[in-house]
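Structure, as C-alpha cells:
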Amino acid sequence: MSDATPQPKSIDNADKSMDDIMSLCKRRGFIYQASEIYGGINGFWDYGPLGAQLKKNLRDAWWEDVIMMGCSGATGPDGEPVEIVPLDTCIIQNPKVWEASGHIGGFNDPMVDCRETKSRYRADHVQVMSQASGEGQMYAFIGGDDASEAAARKKLEKYARTELTDDQIAVTPLVELDLDVYGRVVGPDAKEAGTLTAPRAFNLMFPTVVGATGDVEDDKAYLRPETAQGIFIHFKNVVDTTRVKLPFGIANVGKSFRNEVTPRNFTFRSREFEQMECEFFCHADDAKDWYQFWRDSRMAWWESIGLAGANLRLREHDTDELAHYAKDGAGTADVEYKYPFTAPDYGELEGIAHRADFDLKQHQEHSKVKLEYFDTTRGELAPNGQPEGERYLPHCIEPAAGLDRGVLALICEAYTPDPDRPSKVFMRFHPRIAPIKAAVFPLVAKGGMPEVALELHRELRQRFGKYGLIEYDAKQSVGKRYARMDEAGCPFCFTIDGETVEDGPNKDTVTVRDRDTAEQTRMPISQVADFLSQKLGL
Ligand code: GAP
C-alpha cells in the first residue's frame, strides 16, 4: 500500500454528530436497522450495499495482513517471520465447550429491571443521585447520559422541595448501593419510587435447541459468544495435521452473539456481531515479548488503514481490570477509538490479552484430551547433543478485534464535514478500504459519451472489481453525481465529456476528480487503469 494516496489529518470526533453519521449511513446504504419494516429489533443491524462491501474490505485486509502475510511481513521477537494459520469454526458447538471456557458459569452481567416501565439496565453501568446528607434521603437513578442526569436532579429537587447546589448532591454507582434503600430509588422514567428489582445475574449467551424434536433442557445449545473457543478446541488438530511449530497463531473470523442487556450506540454494542480473533501460542518464557509485539503490531495495523491520529490510542489495563488468570501475566491492552458517542472518552475496538494457558488447561481438564505441545527445541541436552524435548501447555496472546466496531470507527473517521461542497460532507475512506473504488460518468447521456464511458467502466471493473465496486452513473447533473460519490467515499471519478470524443488537443482524455481535494485534472483514457492501480496501491 506504499503508493496509496496519503490521508489528510483526522478531525477530532468530539466535533462530529452521531445522528448525522447514522443518517448518512441510512441515506447511502451503509447500515440499515434489521427488520426495519416491522419496527426493527433492538441490538441488530444489517449492512446495505456499501456497508457490506466496506465490511468485506476490512475483513479481507485483516485476513491478508494478519494471517496470509504474518502481520504484514513483520519479523517476530524471535527474529523469524510470524506464522499464522486460519480456521473457520461453527457458531454452535457442544455446550461442554462453554462449561470449560467459563461462559456458562460466569458470562453474566448484573442487571436491574424497572417493574413500572419494564426497562432493563446494567447495574454496573449506571449510578444514582442523592442528597449528600440527611435521613431517609431519596435516590434518583441516572440512566447513563447527560439528559438522564439532569432529569434525576430535577426529581431530587422535587422531593427536597428546593434547588440543590452541586455540593449538596452525591452520585454513587448503583452496585454500591445497599439493597435496603432500593425502596427509595426512583427509576429514570418511573413515577413512583421502589420499582427497581435487585441486581440479577443475566447470562449473555443466546440459548437454542438442537434437533427438530429437541428437548428444551436436554438438547439445549448456545450461539457462540466469541470465536476464540473454536480455536482452542482445535489446537491439537492444527498441530497434528499441519506443519506449524511453536510459536504460531490460529485465526478465526465470524459471527458471535451476546444477549447484551443494553445494546446501544448504533452497531457498537450489538447482539449479533462479527469478531476477528487470533490466538498466538508460545512458550510461557516468551509471552512477554510476544505480548509487546502484538500490542504494537495491532495498533500499527489500525493506523495503516486510516485510523491514525488523536482518535486512536492504546491503553494498558490497570491491574484491577485484569482477568484472574492474567494477573501475573504479560499484560492486557485495548486499542481504543474515540467514537463521537464516547468522546472525549474512548471505546474498545480491540483487546490484546495474555491469556496464559488458561483456556487450553480448561479444555484439557473438561475434555480429558491431552492438549500439551511437544517442543523438540527445548529440554535437557541428550548425549547426542540434541535437546530431549519439553512437553507443555503453551501460553497464549490473544488479539481480539470487533469487525463491526472497526467498520463503525472507519465510518466515523471518514465522515468529514465540508460546507463548501454541494454534499456538505464527504467520506474520506482510505483507498484500500473504500467500498467504491472508482466511478465513471458520461458528462451527458448523448454524443457518443456513454459508449466511451461504458467501455472504460468495463475495463476498470474487470481489473479492480475484486477489490470493490466500480460505479457507472449517467443520471442527473455531473455535480450531483460527484456529491453522491463524495458521500459514498469514492476516491476517484472519471468523466467522459465532449472533448474526449471530439477531434482536438484533448481527444481521448478524461477528467479525473480527486475526492479529498475536489480538484479536477485531465489524463489520457489509456492511463486511467494504471493511475487507479497506483493510487489504490493495488
Ligand atoms: N475472545 C475475547 C473476547 O471475545 P471481548 O473483548 O469480549 O473479548 C473482543 O471481544 C472484541 O469484540 C471487542 O474488542 C469488540 O470490538 C468486539 N465486541 C465485543 N462485544 C461486542 C458487541 N456486543 N457488539 C459489537 N462488538 C463487540
Side-chain angles (χ1 to χ4, degrees), residues 31 34 41-47 55 58-59 62 66 87 89 91 93 97-98 100-103 106-109 122 125 202-206 222-233 235 249-280 294-295 298-299 301-302 307 312-315 317 321-323 325-326 329 332-337 339 341-342 346-356 358-360 362-363 396-412:
I31 301 177
I41 170 165
N42 197 8
F44 296 87
W45 297 93
D46 291 332
Y47 289 85
K55 190 170 174 182
L58 181 56
R59 191 193 297 110
W62 179 83
V66 177
L87 205 62
T89 66
I91 285 168
Q93 301 282 351
V97 169
W98 312 114
S101 67
H103 285 92
F107 197 51
N108 299 313
D109 276 350
R122 257 185 75 169
H125 280 183
F202 178 75
N203 194 289
L204 297 187
M205 275 197 299
F206 278 105
Y222 298 91
L223 307 189
R224 69 178 173 200
E226 61 173 23
T227 55
Q229 296 305 321
I231 298 175
F232 293 118
I233 57 178
F235 171 73
I250 306 178
N252 202 6
V253 52
K255 292 275 189 171
S256 290
F257 301 80
R258 296 183 191 176
N259 201 358
E260 297 283 359
V261 176
T262 46
R264 62 183 161 159
N265 291 333
F266 205 16
T267 56
F268 181 81
R269 192 174 302 287
S270 309
R271 288 181 163 141
E272 175 174 340
F273 55 96
E274 209 162 322
Q275 291 182 304
M276 308 183 291
E277 296 197 283
C278 175
E279 303 299 335
F280 193 84
W294 275 103
R295 246 187 47 149
R298 295 308 300 143
M299 181 72 180
W301 186 77
W302 286 109
L307 291 190
L312 193 73
R313 75 173 185 191
L314 189 72
R315 186 180 69 84
H317 281 208
E321 287 179 85
L322 295 179
Y325 52 79
T332 296
D334 287 341
V335 177
E336 294 186 327
Y337 186 71
Y339 295 91
F341 47 81
T342 58
Y346 292 72
E348 180 184 331
L349 174 59
E350 169 160 0
I352 299 105
H354 177 205
R355 297 183 65 97
F358 173 78
D359 303 88
L360 287 180
Q362 287 292 109
H363 286 300
C396 187
I397 307 299
E398 177 191 69
L403 178 55
D404 303 82
R405 282 194 193 174
V407 169
L408 185 57
L410 290 172
I411 287 176
C412 295

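Any value given below was found using the heavy atoms of this structure, including those in side chains, with hydrogens, waters and symmetry copies removed. Atoms within each ligand, like the ligands themselves, are counted from 1 in listed order. Keep in mind it's a predicted model, so treat the numbers as computed, not measured.
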* **Minimum-distance protein heavy atom relative to atom 6 (O) of ligand 1** => Glu348 OE2, 3.0 Å
* For atom 11 (C) of ligand 1, what is the nearest protein heavy atom, given as residue, atom name and distance? -> Ala400 O, 3.7 Å
* To do: Would you indicate whether the side-chain heavy atoms of Met276 and Asn252 approach each other to under 4.5 Å?
  => no
* Distance-only side-chain donor-acceptor flag, Tyr346 / Asp334, under 3.5 Å -> no
* Nearest protein heavy-atom contact for atom 15 (C) of ligand 1: which residue, which atom, what distance? -> Arg405 NH1, 3.5 Å
* Asked: Do we see a donor-acceptor contact under 3.5 Å between the side chains of Ser101 and Gln229?
  -> no
* To do: Name the closest protein heavy atom to atom 17 (C) of ligand 1, giving the residue it belongs to and the distance to 0.1 Å.
  => Gly402 CA, 3.7 Å
* **Atoms of ligand 1 close to Ala228 [distance to a heavy atom under 4.0 angstrom, numbered from 1]** => 1 (N)
* **Shortest heavy-atom approach to atom 24 (N) of ligand 1 - which of Ser270, Ser256, Gly347, Gly43** => Ser270
* Around atom 10 (O) of ligand 1, find the nearest protein heavy atom and jot down its residue, atom name and distance. => Gln275 NE2, 3.2 Å
* So is Pro225 polar-close to ligand 1, meaning N/O to N/O under 3.5 Å? -> no
* To do: State whether Arg258 and Glu272 are salt-bridged, where the test is any N-O pair (Lys NZ or Arg NE/NH1/NH2 against Asp/Glu carboxylate O) under 4.0 Å.
  => no
* Structure fact -> closest protein heavy atom to atom 25 (C) of ligand 1 is Phe268 O, 3.1 Å
* Considering only heavy atoms of Glu398, which atoms of ligand 1 have at least one such atom less than 4.0 Å away? -> 1 (N), 2 (C)
* Asked: Does the N or O separation between Arg355 and ligand 1 drop below 3.5 Å for any pair?
  -> no
* Subset of ligand 1 atoms that lie under 4.0 Å from at least one heavy atom of Glu277 -> 1 (N), 2 (C), 3 (C), 4 (O)
* To do: Is it possible for you to check whether Arg405 lies under 6.0 Å from the centre of the six-membered ring of Phe268, through NZ or CZ, and within 45° of that ring's axis?
  => yes
* Check whether any side-chain N or O of Glu350 sits under 3.5 Å from a backbone N or O of Val335 as a donor-acceptor pair, and report yes or no. => no
* Under 4.0 Å between a Lys/Arg side-chain N and an Asp/Glu carboxylate O for Arg355 and Glu398? -> yes
* Would you say ligand 1 has an N or O under 3.5 Å from any N or O of Ala401? -> no
* Provide, to 0.1 Å, the distance between atom 18 (N) of ligand 1 and the closest protein heavy atom, together with that atom's residue and name. => Phe273 CE1, 3.6 Å
* Asked: How are the rings of Phe206 and Phe44 set relative to one another: parallel (under 30°), tilted (30 to 60°) or perpendicular (over 60°)?
  -> tilted
* State whether Arg315 and Glu348 are salt-bridged, where the test is any N-O pair (Lys NZ or Arg NE/NH1/NH2 against Asp/Glu carboxylate O) under 4.0 Å. => no
* Asked: With under 30° as parallel and over 60° as perpendicular, where do the rings of Tyr337 and Tyr339 fit, or are they tilted in between?
  -> perpendicular
* Atom indices of ligand 1, in the order listed, that fall short of 4.0 Å to a heavy atom of Glu260 -> 22 (C), 23 (N)
* Between Arg258 and ligand 1, is there a nitrogen or oxygen pair with a distance under 3.5 Å? -> yes
* Derivation and outcome, side-chain hydrogen bond (donor to acceptor under 3.5 Å, both in side chains), residues Asp404 and Thr267 -> CA-CA 7 Å; Asp404 303 82; Thr267 56; 5.9 Å; no
* **Residue Leu349 vicinity, atoms of ligand 1 by number, heavy atom under 4.0 Å** => 14 (O), 16 (O)
